[in-house]
There are 2 protein chains.
Amino acid sequence: MARPRKEQELDIARRAVEETIRLLAQQGDFDVPLTSVAQAVGCTAPALYGHFRNKNALLRAARDEGFGRLYNEKFAVFEQMRGDPFGYLRDGSYAYARFALENPTLYRLMFSPPPKLGVSDDPWSSEAGRQVLSLLLTGLRSSQEHGYLPGADLQRYGFMFWSTIHGAVSLNIQNRLLDHAAKWDSTQSVIDALMEMIAATGPAKHPITS
Amino acid sequence: MARPRKEQELDIARRAVEETIRLLAQQGDFDVPLTSVAQAVGCTAPALYGHFRNKNALLRAARDEGFGRLYNEKFAVFEQMRGDPFGYLRDGSYAYARFALENPTLYRLMFSPPPKLGVSDDPWSSEAGRQVLSLLLTGLRSSQEHGYLPGADLQRYGFMFWSTIHGAVSLNIQNRLLDHAAKWDSTQSVIDALMEMIAATGPAKHPITS
DNA sequence: TCCAAGAACTGAATGACATTCAGTTTGAGG
DNA sequence: CCTCAAACTGAATGTCATTCAGTTCTTGGA
C-alpha cells in the first residue's frame, strides 16, 4: 500500500489546512493531533510531512489562511463602502469582530500563538497582520479627509483603535460565562462607543445608526 | 528511597507554583515539562500529584498566583494614590502594563489560557479577574465624582478602558519585532491617549504630565 | 509497449511527556 | 517498640510527534 491514484494530486496540503481549521474550531484548542488531521484528510500522519516540515508549519499555514480570510472579509466591506469611510470603519470593525467571535480558536491562533510556532521567523505572518492594519489605516486616513479626527496622528490612533477592538474581542472570547449573543452585544457596544467618539470629532449630523 | 525528612513539610506546593512561573518565563511557553518543575523543586514528577490533581491544576494555580500578584501591584498603587483618582487610573494602568510586559508568558496564561485548563469550571479564576476589574471601576467611579466622565455609563466605559489596555498589551507582547523598550513606549502611548480623552471630559487644567 | 527512476505514501520504530501504580520509607500515636 | 498512614519513588502505560526503511504508482524515454 503506497502511492495513491493520480486523482488527489495536490489536494493534501490544501485539505490539511482546511481540516486543521475545522478541527481547531471543533476541539476549541490548539493541540489537534496530527493523526486526526491525517484521518480527516484521508491519509496517514507521516504523509503530511511531505507537505509541511512539521506540525508547527501546518499550524502556521492555518494561521496564514486565517489572516487571508480575515483580510478578505474586511476588504469586501472596504469595497462595498467606497465613499463612506466612516461607515467602513464601523462595518469593517463589525466584520473583524464577527470573524473573531465566529472563529475564536483560529483568532487565538492568529493573535496569541504559542511561541514555538516560530512565527517571528516567518516574514509572511507579520506581513498578513500588517495588511489588516493597513486597511484600517486607509479607513482612518479617508475619514480624516472627510473631516473626522482633525490633526490626529493616525499611526497612534490606528493602533489604539485596533487595540480596543482586539482587546474587547479577546476578553469576550475568553469569558466562558457569556453565550455567543452576549459576547457579540458586549463587543458591539465597545465598537459603538469608539465610533461615537470618532463621530464627535467630525462634521456634525452624522447619524450613528447601523 | 521514599518519604523525605520533615524539614520541607508543605513547601512543595508553594515552590512548585513559584518554579512553574519561573520556568514559564524562562521558556516563554506554556508547555513546561512537569519533570523540569519537579527537578527545580527537588522532587520527582509523581510527587507533584500529591499536591495537584494534574498538570492543568498546577498551571491554574500559577495563573491564580499571577492574578494575585497583579492585584497586589494595582492595589499598592491604589492606596498610594488615595485622593487622586485620575492619577490612580493613569498609574494603575502603567502598573498593569508593566506587569504584563514584564511577565508576558504569565500574562498570556492569565488572559489567553488553553481551554483545556478548565478555567471556566473554577469560580476562583474568573473571580480574580473580576477583582482587578472592580479596582478599575472604583477608580472610574471616583474619577466621575471628581468631575470626569460626567454621566457616563461606567460599566460600559470600564470595559472599553480595560479592552484598550489589554489589547495594546497583548498586541505588543505578541510583536516579536519590537524590543522591550519599544513595547513599553507603544503601550504607554496608548494609555496616555486614553488618559487625554478622559482628561478632556473633566475639570479643565488637569496636567497630563506623568 | 516496456522499463528505470524517483515521487508519494505506508507501517513500524523512537522518543517526549503526562499520568498511574505498586511498593518503600519515615513520622506519630499508642 | 510497633503499627499505620502519609509522602514519595521507580517503573510501567498511553498518547502523540517525528523519523525511516520499504513499497507502489507515475512518468519520461527506449
Side-chain angles (χ1 to χ4, degrees), chain A residues 1-17 19-24 26-63 105 109 113-119 121, chain B residues 1-17 19-20 23-24 26-63 105 109 113-119 121:
Chain A
M1 284 166 216
R3 185 166 187 172
R5 304 307 158 88
K6 184 179 179 182
E7 305 143 3
Q8 33 186 356
E9 274 284 277
L10 290 180
D11 240 27
I12 285 190
R14 194 92 43 195
R15 300 242 340 255
V17 170
E19 295 296 338
T20 299
I21 290 178
R22 196 177 57 74
L23 288 166
L24 233 34
Q26 182 184 311
Q27 311 226 350
D29 213 341
F30 296 164
D31 57 359
V32 174
L34 259 200
T35 307
S36 31
V37 175
Q39 188 181 347
V41 168
C43 63
T44 61
L48 294 173
Y49 284 79
H51 303 272
F52 303 93
R53 188 190 310 287
N54 53 28
K55 187 181 175 180
N56 287 339
L58 172 58
L59 284 176
R60 257 192 325 262
R63 181 171 179 267
T105 308
L109 180 64
K116 63 181 168 186
L117 282 206
V119 154
D121 308 339
Chain B
M1 289 165 211
R3 187 169 186 171
R5 305 308 157 89
K6 184 179 181 181
E7 305 142 6
Q8 33 186 354
E9 275 284 276
L10 290 180
D11 241 26
I12 284 191
R14 193 92 42 193
R15 300 242 339 255
V17 169
E19 295 296 339
T20 299
L23 288 166
L24 234 32
Q26 182 184 308
Q27 312 226 350
D29 212 341
F30 297 163
D31 56 0
V32 174
L34 259 200
T35 308
S36 32
V37 175
Q39 189 182 346
V41 168
C43 63
T44 59
L48 295 173
Y49 284 80
H51 303 271
F52 302 93
R53 187 191 310 288
N54 53 29
K55 187 180 174 180
N56 286 339
L58 172 58
L59 284 175
R60 256 191 326 260
R63 181 171 178 266
T105 308
L109 180 64
K116 63 181 168 190
L117 283 206
V119 153
D121 309 339

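Just so we're on the same page: letters track the sequence lines, and every chain starts at 1. In this text the structure is predicted, and so the values were computed from the model without any measurement.
- Counting any heavy atom pair closer than 4.0 Å across all strands shown, B:P33 reaches sugar-phosphate atoms only and no base atom.
- At a threshold of 4.5 Å between non-hydrogen side-chain atoms, the residues A:L117 and A:L109 count as touching.
- Straight-line distance from the CG atom of A:D31 to the P atom of C:dC17: 16 Å, rounded to whole Å.
- Between the side chain of A:K55 and the backbone N or O of A:V32, at least one donor-acceptor pair lies under 3.5 Å.
- In this structure, the nucleotide among D:dA17, C:dT10, D:dT9 sitting nearest to the side chain of A:T44 is C:dT10.
- Heavy atoms of A:V37 sit nowhere under 4.0 angstrom from any nucleic acid atom.
- The distance from atom CZ of B:R53 to atom P of C:dA18 is 18 Å, rounded to the nearest whole Å.
- Between the CD atom of A:Q39 and the C1' atom of D:dT15 there is a distance of 15 Å, rounded to whole Å.
- In this structure, A:L58 places its CG atom 14 Å from C1' of D:dT18, rounding to the nearest Å.
- With A:R15 as reference, A:V41 is the one residue of A:V41, A:V37, A:T20 to meet the side-chain contact (heavy atoms from CB on, under 4.5 Å) rule.
- For B:Q26, the CD atom sits in a packed shell: over 12 heavy atoms of surrounding residues, nucleotides or ligands are nearer than 6.0 Å.
- Rounded to whole Å, atom P of D:dT9 lies 9 Å from atom CG of B:L48.
- Closest to the A:P46 side chain, of the nucleotides C:dT10, C:dC21, D:dA17, is C:dT10.
- Rounded to an integer number of Å, the gap from B:I12 CD1 to D:dC8 P is 4 Å.
- From B:L34, atom CG reaches atom CG of B:L23 across 11.0 Å, with rounding to the nearest 0.5 Å.
- Put simply, CG on B:L34 is 13 Å from C1' on C:dT20, counting in whole angstrom units.
- Residue A:H51 has no polar side-chain atom (N or O) positioned under 4.0 Å from OP1 or OP2 of C:dA8.
- Among the heavy atoms of the strands lying under 4.0 Å from A:N54 are primed sugar atoms or P, OP1, OP2 only; no base atom is included.
- Atom C1' of nucleotide D:dA17 and atom CG of A:L59 are separated by 12 Å, given to the nearest angstrom.
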